[in-house]
Every structure is written in C-alpha cells, then in structure tokens.
Amino acid sequence: MSRRTFFKGSVLAVAAAAAASGATACSTQPEPRGADAEARPLPIPPLYEGELDGNTRRFELTAQEGEFEIVPGTMTKTWGFNGPWLGPTLYMRRGEQIDMTVHNELPEATVVHWHGLHLPATADGGPALMFDPGESWSPSWTVDQAAATCWYHPHPHEKSALHAYRGLAGGIVLDDDDSVFPGLPNDYGVDDIPVIIGDANFTEDGQLDEESGWVGDTPLINGITKPRFEATTRRVRLRVLNGAVLRFRYLTLGAPFHVVATDQGFLESPVEVDGVLLSPGERVEIVVDLEPGKDLTLRDDKLPNWGGLPDKDTAETFGATDVFDLLEIVAPAEDAPASPALADKLVPFELPQPTGVEREFRMKNMEINGKSMDMTRVDFAVDHKGPEIWHVTNENDDMLHNFHVHNARFAVQGVENGEVEFTAGWHDTIEVPPLATVTLLVDIGYYPDPTLAYMYHCHMLNHEDSGMMGQFVVVEPGQEPNLKLPNIHGE
Ligand code: C2O
Ligand code: CU
Ligand code: CU
C-alpha cells in the first residue's frame with residue numbers, strides 16, 4: 001500500500017493514520033513529476049481589472065474545460081477560469097461595487113466562493129448557490145475591507161476538493177488607498193508576484209489522478225512544475241497562497257525574510273522570520289531581499305514539530321516530513337538599483353471590543369461539534385454587529401485540521417495545548433494543531449439575511465467535503481433563520 005492510497009478517503013485517512021505505524025507505512029520522500037526537466041519561467045496569471053464603469057467594476061469569468069502542459073512534454077486535461085488551467089488574478093479596490101458574472105461551461109454544477117471577502121450571503125458562493133452547466137450566476141457586492149490577498153475557488157456540495165484540484169482557483173488582489181508603503185514593491189508581475197502553491201498526483205499517462213488521493217506528490221507553482229522566477233529588482237514581494245487540497249507547507253528561503261501581510265491584510269509592522277507555515281487556504285505576503293549573484297530557492301520544508309502530529313509515521317501520511325523545492329528565484333543583475341528601506345509601520349492593528357458572545361467549535365474526525373454538514377441545518381445565527389470570541393479545538397491527536405470562516409476576519413487571542421506558527425495580524429484561515437485550542441476574536445461582516453448561510457469549515461478541502469463544515473446565518477436582532485431550501489444539483 002503506498003502512502004498515497006491512504007488518502008483515497010479522508011475518513012479512511014483517520015484510521016489509516018492510526019494504523020500506519022505498522023508494516024504498510026512507506027517513508028520515502030515523494031518524487032515529483034518533471035523533476036529532471038529544465039526549469040521553466042514562472043507563469044504569472046494575468047491581472048484582470050475588469051471593466052470599470054463609474055464606481056462599478058464588472059468581471060466575467062467562465063469556468064471551462066481545457067488542457068495544459070503542467071509537466072513539460074505532457075498535456076493534462078484540466079479546468080480553469082477564462083482559460084484552460086487556474087484563473088486570472090482579479091483586481092478590486094475598496095469602495096467599489098463589483099458586478100460579477102460566472103458562466104458554467106463545465107460538465108457539472110459548480111459555484112464560486114470569494115475566499116476572504118466580506119459580502120452578502122447571496123454573493124458568497126456557498127453550496128446552496130450551485131448552478132448547472134450552461135447557466136450563469138451574477139452576484140454583486142461592495143468591497144468594504146482593507147487591502148489583502150484573497151482568492152476564489154469553487155464550493156459545490158461535497159465536491160470542492162475535486163473542482164479546485166482540477167484547476168478552478170485564482171487570486172484576488174484587494175487594494176485600497178492606504179496600501180502604498182516606502183520600499184514595498186507593488187508592480188504586479190514585476191516585483192509583486194503571485195505564488196499560488198498547489199499540488200497533484202499524475203496517472204501513468206500524465207492526467208490528474210483523482211483516485212490516488214489528495215496529498216499531491218508534485219508541487220505546482222502558478223500551475224506548473226519546477227518554475228524559475230528571474231528577478232529584475234533587488235526586492236520582491238511574493239503573495240503566497242496555499243491553494244492545495246490537503247498539504248500544509250512550511251516555507252523557507254534559506255535566509256530570513258519579512259512577512260508584511262496575512263490573509264486579511266497588512267500587519268502593523270513587517271516581521272522577520274526564517275520560515276512561515278501555510279495551511280490550505282491561507283495567504284501570506286512576504287518581502288524578499290535579493291543580492292546579485294545570490295539566487296534563492298523557495299522551499300517547502302518539514303513542518304516544525306511535524307505540525308503537532310504524534311509520531312513520524314502519522315506525520316508522513318500528511319506529508320509533514322516531505323521537503324520540496326518550490327520556486328527558484330534568480331537574483332537580479334549587478335546594476336539593479338538598490339531598494340529603499342522597507343517601511344517599519346504598515347497598518348495600525350486595532351482590535352474591536354468583543355460583544356460578549358462566545359462559541360465553541362470542536363473538530364473531530366469529519367465533524368464539528370459532533371455534527372456533519374447539513375445544508376438544511378442552521379448551526380447558529382449571528383444577530384448583532386461586533387466581534388465574537390470563538391474557541392476552536394482539534395480533538396484529534398493524530399490529524400491536522402485548520403479552520404476557516406466565511407465573511408469574516410479574525411485575530412488570534414491565544415493558543416492552548418499546541419503551537420501556531422504565526423499568530424499576528426488578521427486571518428480568515430488558521431491551523432489548529434492536534435489537541436490544541438485556538439481562541440479567535442471573530443469580526444463577521446454584518447449583512448443580515450435569514451435565508452442563506454455562510455460556512456465555517458476545515459479548509460483541508462476533502463475534510464470539508466466529508467462533512468467537516470457547518471453553517472451560520474447573519475440576521476437582524478430577534479430575527480429567526482429561515483433558510484431557502486438549498487438547491488442541490490445532480491443528486
Ligand atoms: Cu476557501 Cu469555504 O472556503
Ligand atoms: Cu471562504
Ligand atoms: Cu481537517
């Protein structure tokens with residue numbers, strides 16, 4: 001039994017992780033596809049600024065099938081937005097109204113979720129909003145949050161992992177008037193670079209293997225294997241997204257670098273680190289200083305402390321012991337101009353006063369608080385403005401989980417019984433190590449609508465698909481939830 005087959009089903013993985021300490025565990029470092037090929041230039045997803053009409057920005061996305069040379073010399077059947085594989089980077093500014101249209105030209109129903117955005121539930125793209133092949137969906141909303149790197153991906157009922165794995169994912173650059181800082185690169189594609197990390201397993205004939213599980217042995221950066229970025233400047237800003245289905249990644253560069261932003265925007269000040277952990281769905285913006293002649297490699301290293309997993313065999317089943325080269329960064333030429341000092345103050349971090357409402361979320365196996373996702377059940381209603389305190393516990397001692405909340409940002413107030421790598425700043429997705437409790441101050445967008453829910457879930461996408469998700473509605477004070485019956489297609 002290969003390590004990959006453990007991940008055929010995520011529930012199976014729970015048992016497998018426990019059983020793995022015997023003869024079946026295989027401890028070899030995965031051999032990525034295309035590892036012997038020449039490095040190729042890092043593809044930069046096009047920046048799609050939509051069509052600006054007054055204060056309204058219009059976008060059109062088409063989810064479609066195609067094929068793409070993910071690994072050199074092989075065409076792989078893929079899905080993408082406005083192209084065969086992945087999607088463009090959407091650019092939006094605070095205060096603008098967004099009119100989005102998504103066309104479904106896939107053979108299956110899907111829906112698109114704007115991960116990290118605060119918006120009405122009608123625009124959020126949860127599973128109740130799935131739409132069929134040949135149909136379109138046109139949500140709109142106003143951007144009302146600070147500059148951040150966000151992303152979009154499908155959220156169909158029980159199939160988010162599959163649709164994202166096939167290539168439906170893209171970045172969102174949220175901008176505002178307060179985000180130009182001395183020394184901070186912001187020229188998209190030149191010194192401000194999206195780095196979308198995914199992974200895949202391939203079949204013999206080079207197709208995406210959808211049977212062998214979801215911890216991909218081949219890392220993909222902006223959709224390809226073994227990329228190289230040739231810097232033309234001495235400082236680059238990388239907007240890194242862990243878009244993988246299951247893999248946690250610990251990113252290092254062999255030299256210290258600065259974190260300037262987390263999921264939901266800028267930190268108060270840049271923080272120097274040697275590495276940063278990204279669980280699936282998380283983003284981080286980092287600033288890397290390059291010296292001519294000294295190339296760097298963005299590497300995915302072993303998770304510190306195996307991510308809190310109890311032993312090496314269990315850690316291996318989650319890929320926590322693997323080491324991969326992700327992206328070669330070629331230093332600029334000698335004559336590249338020096339960079340001005342990086343600003344030491346970014347955006348003030350102001351914690352709003354909590355309202356006194358507290359909630360508890362216990363994640364275990366594929367359930368939260370002992371329940372599996374049910375689209376007809378409202379797990380709770382938020383009937384007020386202002387933040388709540390949420391205590392999130394991973395009750396599995398042998399599984400990684402993380403926690404994501406739609407239409408919200410949160411600050412980490414404390415971590416008990418475990419270690420979270422990077423707690424500063426505003427997040428919307430965070431690791432919850434085995435047996436740890438993470439306490440969050442959750443600031444939820446207030447768009448009352450008793451008829452449609454927002455989700456919270458483990459963002460290891462096939463844990464989500466296996467039921468590790470719940471839903472809440474935002475209502476006016478005293479209003480009762482009243483869900484429109486979800487429209488589950490194809491079942
Ligand atoms: Cu990116 Cu409900 O998730
Ligand atoms: Cu989300
Ligand atoms: Cu999980």
Side-chain angles (χ1 to χ4, degrees), residues 1-30 161 199 201 212-217 242 244-250 277-282 300-324 360-373 391-404 412 415-421 429-439 456-470:
M1 191 185 200
S2 79
R3 195 187 50 166
R4 286 198 242 151
T5 47
F6 288 151
F7 283 90
K8 209 159 185 175
S10 49
V11 182
L12 185 63
V14 186
S21 31
T24 52
C26 155
S27 61
T28 52
Q29 160 78 26
D199 54 54
N201 291 315
S212 74
W214 304 101
V215 175
D217 286 351
N242 184 351
V245 171
L246 280 183
R247 253 186 204 280
F248 284 47
R249 303 220 180 244
Y250 184 67
L277 185 134
L278 276 194
S279 69
E282 283 189 82
D300 171 22
D301 224 315
K302 293 183 172 51
L303 302 190
N305 183 33
W306 295 325
L309 292 166
D311 55 67
K312 191 155 184 270
D313 287 332
T314 311
E316 278 167 4
T317 64
F318 287 91
T321 59
D322 297 335
V323 179
F324 296 103
E360 205 178 71
F361 300 84
R362 289 171 288 106
M363 309 178 84
K364 190 170 188 187
N365 302 339
M366 293 300 133
E367 297 178 337
I368 301 179
N369 292 342
K371 290 178 186 152
S372 177
M373 167 70 174
H391 307 276
V392 186
T393 303
N394 176 352
E395 291 189 341
N396 288 114
D397 64 350
D398 58 355
M399 294 201 74
L400 297 179
H401 294 300
N402 70 354
F403 191 73
H404 167 55
V412 179
V415 181
E416 275 171 68
N417 213 13
E419 258 179 82
V420 170
E421 279 291 316
T429 309
I430 195 113
E431 58 170 317
V432 187
L435 302 180
T437 298
V438 178
T439 297
Y456 54 92
H457 53 87
C458 177
H459 213 289
M460 297 165 86
L461 288 176
N462 73 351
H463 292 189
E464 173 199 323
D465 288 342
S466 303
M468 200 166 213
M469 174 155 70

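D300 places a side-chain N or O within 3.5 Å of a backbone atom of Y250 that can act as its donor or acceptor partner. Under the 3.5 Å distance criterion, the side-chain polar atoms of N462 are left unmatched by any main-chain donor or acceptor of A161. Checking side-chain atoms of N242 against main-chain N and O of R247 turns up a donor-acceptor pair under 3.5 Å. Judged by distance alone, with hydrogens and angles left aside, the side-chain atoms of N396 form no donor-acceptor pair with the main-chain N or O of D398 at under 3.5 Å. Side-chain atoms of N402 do not come within 3.5 Å of backbone N or O of C458 as any donor-acceptor pair. In this structure, the side chain of N369 does not engage the main chain of K371 through any donor-acceptor pair within 3.5 Å.
Summarising the geometry, atom CG belonging to D397 is positioned 5.0 Å from atom CG belonging to L435; distances are rounded to the nearest 0.5 Å. Taken to the nearest 0.5 Å, the CG atom of N305 stands 6.5 Å off from the CD atom of E419. For the atom pair OG1 of T393 and NZ of K364, the computed distance is 12.0 Å after rounding to the nearest 0.5 Å. Put simply, CG on N365 and NE2 on H463 are 10.0 Å apart, with the number rounded to the nearest 0.5 Å. With rounding to the nearest 0.5 angstrom, the OG atom of S466 is 10.5 Å from the CG atom of L461. To the nearest 0.5 angstrom, E360 atom CD is 9.5 Å from T439 atom OG1.
The aromatic rings of F403 and Y456 sit tilted, their planes meeting at an angle between 30° and 60°.
Looking at F318 and V215, their side chains never come closer than 4.5 Å, going by heavy atoms from C-beta outward. In this structure, the side chains of H404 and H457 come closer than 4.5 Å at one or more pairs of heavy atoms. Within the 4.5 Å cutoff, no side-chain heavy atoms of F248 are placed close to those of E421. Inter-residue side-chain proximity for L246 and P280 is flagged as unmet; no heavy-atom pair is nearer than 4.5 Å. A 4.5 Å side-chain heavy-atom check between V412 and V438 finds at least one atom pair inside the cut-off.
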Verdict with reasoning, E395 to E367, per side-chain contact (heavy atoms from CB on, under 4.5 Å): CA-CA 10 Å; E395 291 189 341; E367 297 178 337; over 6 Å; no
Test log, rule side-chain contact (heavy atoms from CB on, under 4.5 Å), inputs L309 and L400: CA-CA 7 Å; L309 292 166; L400 297 179; 3.8 Å; yes
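We find that D322 and R249 are not joined by a salt bridge, their nearest charged nitrogen and carboxylate oxygen being 4.0 Å or further apart.
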